[in-house]
Each structure stands twice: as C-alpha cells, then as structure tokens.
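Have a look at the structure below, then the notes.
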Amino acid sequence: MIVKFLQAGNGDSIILSFNDANQNRNIIIDSGVSATYYNPSSNTFGPLKDEIDRIKQNNEFIDLLILTHIDNDHICGFLTWFENDKSAFKLIKKIWFNYSNLIAEHFEKPENEDLQVKLNIFNSAQTGIKEAIVFEKYLEKFELLNKNVIIEKQKFEENNLKIEILSPTETQLEKLLREYRKTDSSGKTKGKRKDWDIDLKDFIKEEEEKTFKFKEDDKVKNGSSISFILTYNSLKMLFLADSHPSGVIKELRRLGYSEDSPLNVNLMKISHHGSKANTNKELLQIVKTNDYILSTDSSGNYHPNKRTIARIINSNRDAIFHFNYEHVRNEIFTKNDRKDFNIVAKVTNELKYEHEA
C-alpha cells in the first residue's frame, strides 16, 4: 500500500493505493482547498489533479471517496474537480458523505439549508451562464452517494480491507443539523497566533504542572467529521479528520482499547492539522504509534499548534513527525527543542508499505 499526503494548503487530502483481490484500488480521503486541484490565479493544476490523471491513465477507479465533513479545506478540491471535469462521476464507485438531506432523513427532522453545498456547473460554454447546483443533488444523479449516514459503531469490510467508524456520534450529527451556520465555516479565527517560538519543554512543564487546562474544540462541523480505523491485512491506520477527541476516545474504549491495551497503528493522522483542541493526553495514551501525520501549510489558523507536538513527545519520545510542507518542518522547532529532545521530523509526501500481508 502507498499512502500519499498531498500538499493541500491548510487542509487534508490523502490517497491510499493498493492491490486487493487482484485489482488496483484507490481511496481518496478529502481534497484540500481548491488549489489542490486547480488554482485559477496562477493557472496551475495541483497534486489532486495529478493523482486523478494517474488513476485515469492506469484505467483504475476511485473505489471510495470519503468527504469527512463540509469544511472548505476538506471539500473545495472536490468541488473544483467536479466543476472542471464533467466526466468526474465516471471515475468514482462510491462516496461517503453525510450530506444535509441524508442527515435530516435520519433524524426525521427538517433539512438545514446552511448545510447545502453549492456546485457551480456551466450550463453552456457559449453563454457562460452558471447555475448553482446543490452538491448532493449532483452526486445523487449519478447514484454515487451512501444511502445511510456514516456514523460511529459501523464496520465495513471488503476482501482484505476493513474500516471501523469512530465518529461522528448521533449527538454530533444532530447538533450539526440543528446548529450549523455558514458563518461557522470561516478558515480564520481572531486572535490566533503561532506558538512556535515557545520551547517544547515549557509546554510540557505547563501541562505536567496542570497550569494549562485542555479545552476541547467546540466547532460543530469538526465534530461531525468521519474518523476511522482502516485495516488492510496487517496494516492498521488511524485517520481522524478534524474530529473531537472525546467522541473518538469513547468509541475506542467501547471497542476494548485502553491505556493498558492500546490501539497500535502504523500511522496516526493527527486531528484538525495539529490543533491543540483536538488531541489530548488521554487519546495519546490509548493510541500507540511512532508515525504522526501533520497535514497543513500553517496558513489560516496557524496549525499545527506546537503544544500538540509537545503532548505527543511527552507521551512518546520515539515519535516521528511527518509534515507535508518543508517550511513547517523547518520553522516549528527552536534551537532549544533540537538540543533538549531527539526530534525526528520529516517532510513526507508518501509512505510505502511493501510487506503488509
């Protein structure tokens, strides 16, 4: 299996490629910002376009496309692809997406119009007139969408692949339906600043002395993220999207994992690009790995928070940090950090596992 972490701006876009049942298969998890596919200001295509072209050229398909939640840094690459490629639907076998009408039907409640995602499709190249099409209606037309919500406790198995859903919970989805507002989807937050100039040891000291109190992310869209354990033969990976730790921890414990019997994974995609509000000490105690993935160019909310990295190091001194942007890897650690800790930080665009059987 090859796992690629695309340069997706301040977002996520992950490609899994593997051979199962004598077929080459591809899973795409999120799509980053629009420029991950195409940047009109520079008239350049991005890495998502390259991956889609590769799949086409090899006569393969996207066996599963997972849109974890409706945030710009996760969905816009897909929207730009569909707007630019009218045959995009032919490449996709299945999509997981908790869209507005589906959630409303699940709870037998009215639909929240704020959850509807618009897709601009050109009606005619001659007139240049755009019509706003609701994204899910476009996908329903080609019978790509899941007919039931993707939610905790579900398990999907096919050949040697197994996916166990950790979030969202019923409560988180219902809250999304009831409380979500488009104003909640802003990429920037007032008062945010980078914390990279603070030494790791200072963060560790604060948290050990409990002078800093963890406060969980309260954004409803992040809480609605589809997060999951993916198992392929002997490989096991944890993809957390922008999920809240409390729901993930609760489901992991229900599955039998604990501090004494942790979930051991080959890699862990850290939630919400390394936000300090989405990874806590308890989560790091019941999930064990040496490979931590941090997907962001640090724009917008200035992720990753260095406090998150300090928590990881304090939990695991053998941690290997995989960044998908070189400037983030180069700038986040101070001279004192490198002197005080044996930090292993890499720029990683893909991980390859050759002997997963």
Side-chain angles (χ1 to χ4, degrees), residues 8-13 28-38 40 48 62 64-86 88-89 92 94-124 129-151 165 167-188 217-227 241-244 272 300:
N10 61 340
D12 286 352
S13 188
I28 299 183
I29 307 166
D30 289 329
S31 63
V33 298
S34 295
T36 313
Y37 184 85
Y38 174 68
L48 180 60
I62 299 168
L64 176 60
L65 185 154
I66 303 174
L67 202 170
T68 63
H69 63 296
I70 56 165
D71 213 351
N72 288 346
D73 57 342
H74 293 255
I75 191 175
C76 282
F78 288 146
L79 298 182
T80 304
W81 172 29
F82 290 131
E83 288 168 0
N84 283 271
D85 183 357
K86 302 304 182 292
F89 67 92
I92 305 167
K94 187 187 302 181
I95 294 179
W96 286 356
F97 171 34
N98 285 332
Y99 53 100
S100 56
N101 185 51
L102 183 68
I103 301 171
E105 287 180 357
H106 179 78
F107 290 107
E108 298 181 346
K109 292 185 177 180
E111 190 172 358
N112 182 344
E113 291 186 1
D114 275 342
L115 282 169
Q116 294 180 350
V117 181
K118 299 297 183 181
L119 183 68
N120 294 321
I121 302 290
F122 282 98
N123 227 358
S124 167
I129 298 172
K130 291 182 180 180
E131 60 177 358
I133 299 177
V134 177
F135 185 47
E136 62 233 40
K137 297 299 182 186
Y138 173 81
L139 298 177
E140 282 177 351
K141 177 181 177 181
F142 300 109
E143 299 181 347
L144 295 172
L145 284 170
N146 46 297
K147 299 301 182 183
N148 298 295
V149 294
I150 305 299
I151 202 164
I165 307 298
S167 71
T169 64
E170 290 248 342
T171 301
Q172 287 168 325
L173 271 190
E174 189 171 19
K175 189 174 183 179
L176 180 76
L177 183 68
R178 184 178 66 248
E179 298 184 18
Y180 181 79
R181 300 291 180 271
K182 285 180 181 175
T183 53
D184 185 38
S185 63
S186 170
K188 294 187 178 182
D217 178 14
D218 62 359
K219 298 293 188 295
V220 295
K221 63 182 184 299
N222 292 341
S224 73
S225 291
I226 298 171
S227 66
D242 287 1
S243 59
H244 295 168
H272 201 197

Review point. Out of curiosity, Leu65 CG to Ile28 CD1, how far, rounded to the nearest 0.5 Å?
Key: 5.5 Å

Exercise for review: List in chain and number order the residues that pass ring pair (Phe, Tyr, Trp, His ring centres under 6.0 Å) with Phe78, two or more places apart in sequence or in another chain; answer none if no residue qualifies.
Suggested key: none

Check your understanding: Stepwise, does the side chain to side chain contact (heavy atoms under 4.5 Å, CB included) test hold for Leu102 with Leu145?
Key -> CA-CA 10 Å; Leu102 183 68; Leu145 284 170; over 6 Å; no

Exercise for review: Return the set of residues passing salt bridge (Lys or Arg N to Asp or Glu O under 4.0 Å) with Asp30 (not counting sequence neighbours), or none when no residue passes.
Suggested key: none

Check your understanding: Can you name the side chain to side chain contact (heavy atoms under 4.5 Å, CB included) partners of Ser34, sequence neighbours left out?
Key -> Cys76, Thr80

Check your understanding: When you measure from the side chain of Asp71 to the backbone N and O of Asp73, does any donor-acceptor pair fall under 3.5 Å?
Key -> no

Review point. With sequence neighbours left out, what residues match Glu174 under salt bridge (Lys or Arg N to Asp or Glu O under 4.0 Å)?
Key: Lys109

Review point. Is it the case that Ser167 and Ser227 place a side-chain donor and acceptor less than 3.5 Å from each other?
Key: yes

Review point. Can you tell if the side chain of Lys94 reaches within under 4.5 Å of the side chain of Leu144, non-hydrogen atoms only?
Key: no

Review point. Under the salt bridge (Lys or Arg N to Asp or Glu O under 4.0 Å) test, which residues partner Asp114, sequence neighbours left out?
Key: none

Review point. Which pair of heavy atoms, one from Pro110 and one from Leu177, lies closest together, and at what distance?
Key: O-CD1, 3.8 Å

Exercise for review: Report yes or no: does Asn146 contribute a side-chain atom to a donor-acceptor pair with the main-chain N or O of Phe97 at less than 3.5 Å?
Suggested key: yes

Exercise for review: Name all residues meeting the side-chain hydrogen bond (donor to acceptor under 3.5 Å, both in side chains) criterion together with Asn112; count only those two or more places apart in sequence or in a different chain, and write none if there are none.
Suggested key: none

Check your understanding: What pairs with Ser31 under side-chain hydrogen bond (donor to acceptor under 3.5 Å, both in side chains), at least two apart in sequence or on another chain?
Key -> none

Check your understanding: Side chains of Phe82 and Ile133: closer than 4.5 Å at any heavy-atom pair?
Key -> no

Revision key, fill the gap. With sequence neighbours left out, the residues meeting side chain to side chain contact (heavy atoms under 4.5 Å, CB included) with Ser100 are Glu111, Leu115, Gln116, Glu136

Review point. So how far is it from His272 NE2 to Asp12 CG, rounded to the nearest 0.5 Å?
Key: 9.5 Å

Point to revise | Spacing of CZ belonging to Arg178 relative to CD1 belonging to Ile103, to within rounding of 0.5 Å | key: 12.5 Å

Review point. How long is the span from the CD1 atom in Ile165 to the CD1 atom in Ile226, to the nearest 0.5 Å?
Key: 6.5 Å

Review point. How far does CD1 of Ile151 sit from CD of Gln172, to the nearest 0.5 angstrom?
Key: 9.0 Å

Practice item. Test side chain to side chain contact (heavy atoms under 4.5 Å, CB included) on Tyr37 and Asp85 and set out the steps. Key: CA-CA 11 Å; Tyr37 184 85; Asp85 183 357; 4.2 Å; yes

Check your understanding: Where do Leu48 and Ser13 come nearest, in terms of heavy atoms and distance?
Key -> CD1-OG, 4.2 Å

Review point. Can you name the residues that form a side chain to side chain contact (heavy atoms under 4.5 Å, CB included) with Lys141, not counting sequence neighbours?
Key: none

Practice item. Would you please name every residue forming a side chain to side chain contact (heavy atoms under 4.5 Å, CB included) with Ser224, sequence neighbours left out? Key: His69, Leu173, Leu176

Review point. With sequence neighbours excluded, what pairs up with Asn98 under the side-chain hydrogen bond (donor to acceptor under 3.5 Å, both in side chains) test?
Key: none

Review point. Can you list the residues that meet the side-chain hydrogen bond (donor to acceptor under 3.5 Å, both in side chains) rule with Glu105, with sequence neighbours excluded?
Key: Asn101

Exercise for review: Measure the CG-NZ distance between Asn84 and Lys86 for me, rounded to the nearest 0.5 Å.
Suggested key: 6.5 Å

Review point. With a 4.5 Å heavy-atom cut-off, do Phe135 and Ile70 have their side chains touching?
Key: no

